[in-house]
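Here the structure is laid out as structure tokens; the discussion comes afterwards.
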Amino acid sequence: MDECYKPETVEAKWQAYWTSEGLHKVQEDTSKNKYYLLEMFPYPSGKIHMGHVRNYTIGDVVARYKHMRGYNVLHPMGWDAFGMPAENAAIANKTHPARWTYDNINTMRQQLQRMGFSYDWDREIATCRPEYYRWEQWLFLKMYEKGMAYRKESYVNWCETCQTVLANEQVEAGMCWRCGKPVRQKKLAQWFFKITDYADDLLVHCDLLSGWPDKVVTMQKNWIGKSIGAEIRFPIENSSQYISVFTTRQDTICGATFICLAPEHPMVLELSANTPQSAAVTAFVDRISMQDRSVKGIEAYDKEGVFTGACCINPMNGRKMPVYTANFALMGYGTGAVMSVPAHDQRDFDFARKYSLEIIVVVQPEGSVLDPSQMTEAYTGEGLMVNSGDFNGQKNTEALQSIADYLEAHDLGKRTISFRLRDWGISRQRYWGAPIPMIHCDACGIAPAPESDLPVVLPEDADLLEGGHSPLPTLPGFMNVVCPQCGAPNARRETDTMDTFVESSWYFQRYCSPHYHDGMFDPRAVNYWMPVDQYIGGVEHAILHLLYSRYYTRVLHDMGMVSYKEPFTRLLTQGMVCKETVHCPTHGFLFPEDASSGKERLCNICHQPVTIGRVEKMSKSKKNVVDPNILLQKYGADTTRLFCLFASPPERSLEWSEQGVDGSFRFLSRIWRLSTAWLPYIQHVSAFDGDMGSLSPEHRELHKKIHQTIFKVTTDIEDRFHFNTAISAVMELVNMMYGFSASDSSPELARMFRLAIESVVLLLSPVTPHIAEEIWHELGYSSSIFMATWPTYRPEALVKDMLLVVVQVNGKLRSKFTIDADAEDDAIERQALADERIVKCIAGKTIRKVVVVQKKLVNIVV
RNA sequence: GCCUGGGUGGCGGAACAGGUAGACGCAAGGGACUUAAAAUCCCUCGAUCCUUGUGAUUGUACGAGUUCGAUUCUCGUCCCAGGCACCA
């Protein structure tokens, strides 16, 4: 063993060994318990960033740990390889999305391998390969057959200049992110998955996701957004038609004084036609369609609306109610129509005040009287019913039921449940995605592509067009197809591609049998491996990716393809990797290496002092990034892994610190030196496992510390994934070991040190596998430490023979003493009261009470 | 606005069942080794005060409360981060 710790040598050596031994390849093995550990696969954006490093390090530690605990561990890696950045990069760099994607995959695979992660690379998948997406297309056809995939008109963010649909996050303050021109809402035929069929099931099962963080479960519940209420029909004056509204407050129906329709509501233009309001309504609807409805961050639009010229009749009391169209009514929720009760809904209140509409109180809070003319805000609390005919005097919570009963009995409406969740729009007018396997024929309309056509291959010879719209419609070889139903020669392929969330909704099943040719996955393999026992990824996917995956799994379940409904048993969402920002007055944000180090940091370009900003999520735009490659060169993979885990528990954000990394490197060097110093003495002895009674006090303490450390590390990893405290426990052990000198070692101490060093190396091996492997082999083992068994602690070694008792007076610490572990409570109390310092403390005072906490603490109250 | 988490030394973080607050690491200071430096090893390290002690007081965002005892439980306030945001 080299005198000095040189990670580059050690790491290259063992990575080569692991690969040549095929150490991380796995197969189904029914004689062993399986453990499926999955980290969210990356988008191949170019290079691995610190967020990946952290995510995959956490996963690798768990995978290696579980393997050492005897599980058959599936730990795969692959690429979420379709998506828009490839198209943008291709246009910018005059290359092709496929080329760009595959190049990135190669780079990133190398980086991951350099980190020493224990992936079974034979199972690598890339979702942009036809072997992968053909099965997604196959399932699409099955879903189409069942009505689970369908096409409908829907509003999308549309940029006229770029002739393309924009995702919500591509709309910046109402403008196209690419060309800066205004984005408008356009009606377009799009493909959808009927996730709303599963809304209730997805919601109900939220409560069974006991292995998920509460935060994520709550976010999923809120996203699904179930509301219980009623749908009520309001007849239109002088017409046989009616407007249907959804409300959760049917108790307030007698206070409803007007109706609001979403601007896109089909009745808006119909009602206003041939009225004096017609022109105003058309103008309003046009204007609202230009408003971006999805951008976050800008303040909510002012509530505004226009009278449609028509009125409704309140079915409860015959009141005439004007019908408005208003920007705050959403076509996508409920029925797209709202019964407005200004006295008891803040939005309606604001609207009524603005347009001088009537306000009628129907719920009176107990102990006070609301006067509509004096009210400054809506009253949304509970109270007694007033102005509501037969229902007056009831509690409004009762009226919620009795009015629903009344509406149902008189056929005016019915109880309904509404969900916030909408169907999943999967159409993208994009090139770099999985083609939707459908065909448009002038004669027969829409027809599914025959299964024999699959995969409908995305042509890779396309030239990407400036402006970003898809080249697919311009490719005759792709577009032109014979109609599979009527044989017409002039049918056209669907040119929309699928949302990339579709690929990530089932990849975890593909990993079980990545090379299977006869279906999405081999049922035998999936039955063995699924569900995923532990899923690890960024909290940013807490809603969409996880919800879509849960939905897609249900679809597979209901087709009889899988036996489970929930794909991920346990979920860990790791926090972000953050770093301070550095800002130069002339050069803006600086990369950390572009500012000098030291007390006063200067810009390396202009030598002005820089300002150190807040600690923020690492991002290219703020330049507060650390390149994993540089770290790997300087410190190696083990140090990088160690620091990622040591600096903070996984679910919290991690603040990157250069000095902290130094500290981690120092710790590994300390272990290295300790090993080289002791190896000559311990190489040929066996680890101590004898009688503890005969040990000298120092050796006994060391022995106890070793077993305490094994206990602590095991429980920290097993119960909570708190690697930071596990690592500090090992540091404590190493600190204690530094108190012994190898040169005056006895045979007994040599055996103890053999145990200590083996334990340190085994306990750290999931975190820092390379250095652990090196020392392991130096200890004389010929097979990989990865194949070793996780150490067990001797419970009898943890038994304390002396206890430290803390003595408080009135809850304040005044003294401590040690006493035999088998001392009784009253003996402890007697000794506490006899303690010199305690006697001084309580002199002249009356003891009112003495509390003794079993073998731990005495509190004397005076 | 609503829903989640969080606020502990100069810093990252411990305290996993209400019982010694600050484990471990970083930074800082001191010492040893060295011609010197680096590296390494050892020691000190929340604040204030004094009689320098296994000293006193104070201290886990702030204010109350429950308790013999609260970083931990309850209520209220402030701040920070994340999510949702006209959802009827």
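Below, chains carry the letters A, B, ... as their sequence lines are ordered, and counting in each starts from 1. Since we're looking at a predicted model, the values are computed, not measured.
- In this structure, B/G22 forms no base pair with any nucleotide, since neither Watson-Crick nor G-U wobble geometry is met with both distances under 3.5 Å.
- In a base pair of the Watson-Crick type (N1 to N3 plus N6-O4 or O6-N4) or a G-U wobble (N1-O2 and O6-N3), with each distance short of 3.5 Å, B/U72 is matched with no nucleotide.
- Distance from the side chain of A/Arg420 is smallest to B/C84 among B/C84, B/U57, B/A88.
- Across every strand in view, B/U67 sits unpaired, with no contact that passes the Watson-Crick or G-U test at under 3.5 angstrom.
- Using a 4.0 Å heavy-atom criterion, one finds that A/Arg673 contacts the sugar-phosphate atoms exclusively.
- Among the nucleotides B/A88, B/C3, B/G83, the one closest to any side-chain atom of A/Asn222 is B/C3.
- Between A/Phe234 and A/Tyr242, the gap from one ring centroid to the other reaches at least 6.0 Å.
- Across the strands present, B/C78 finds its partner in B/G7; the criterion is a Watson-Crick or G-U wobble pair with both atom distances under 3.5 angstrom.
- Put simply, the side chain of A/Ser648 gets close to the backbone of A/Ser653: a donor and an acceptor are under 3.5 Å apart.
- Here the nucleotide nearest the side chain of A/Lys849, chosen from B/A85, B/C68, B/G83, is B/C68.
- The side chain of A/Arg652 lies closest to B/G13, out of B/A15, B/C16, B/G13.
- Among the protein residues, A/Ile543 comes within range of the sugar-phosphate backbone only, with heavy atoms under 4.0 Å from sugar or phosphate atoms but none that close to a base.
- Base-pair partner of B/U34: not found among the strands shown (Watson-Crick or G-U wobble, both distances under 3.5 Å).
- Judged as a ring pair (Phe, Tyr, Trp, His ring centres under 6.0 Å), and not counting sequence neighbours, the contacts of A/Phe643 are A/Trp656.
- Comparing B/U20, B/U58, B/G69 by their nearest atom to the side chain of A/Lys816 picks out B/U20.
- The only member of A/Ile403, A/Val362, A/Val341, A/Val363 that meets side chain to side chain contact (heavy atoms under 4.5 Å, CB included) when paired with A/Arg249 is A/Val363.
- Within 4.0 Å of A/Asp345, counting heavy atoms only, lies no atom of the nucleic acid at all.
- Between the CE atom of A/Met731 and the P atom of B/C24 there is a distance of 10 Å, given to the nearest Å.
- Residue A/Lys215 has its side chain nearest to B/U4 when only B/U4, B/U40, B/A56 are considered.
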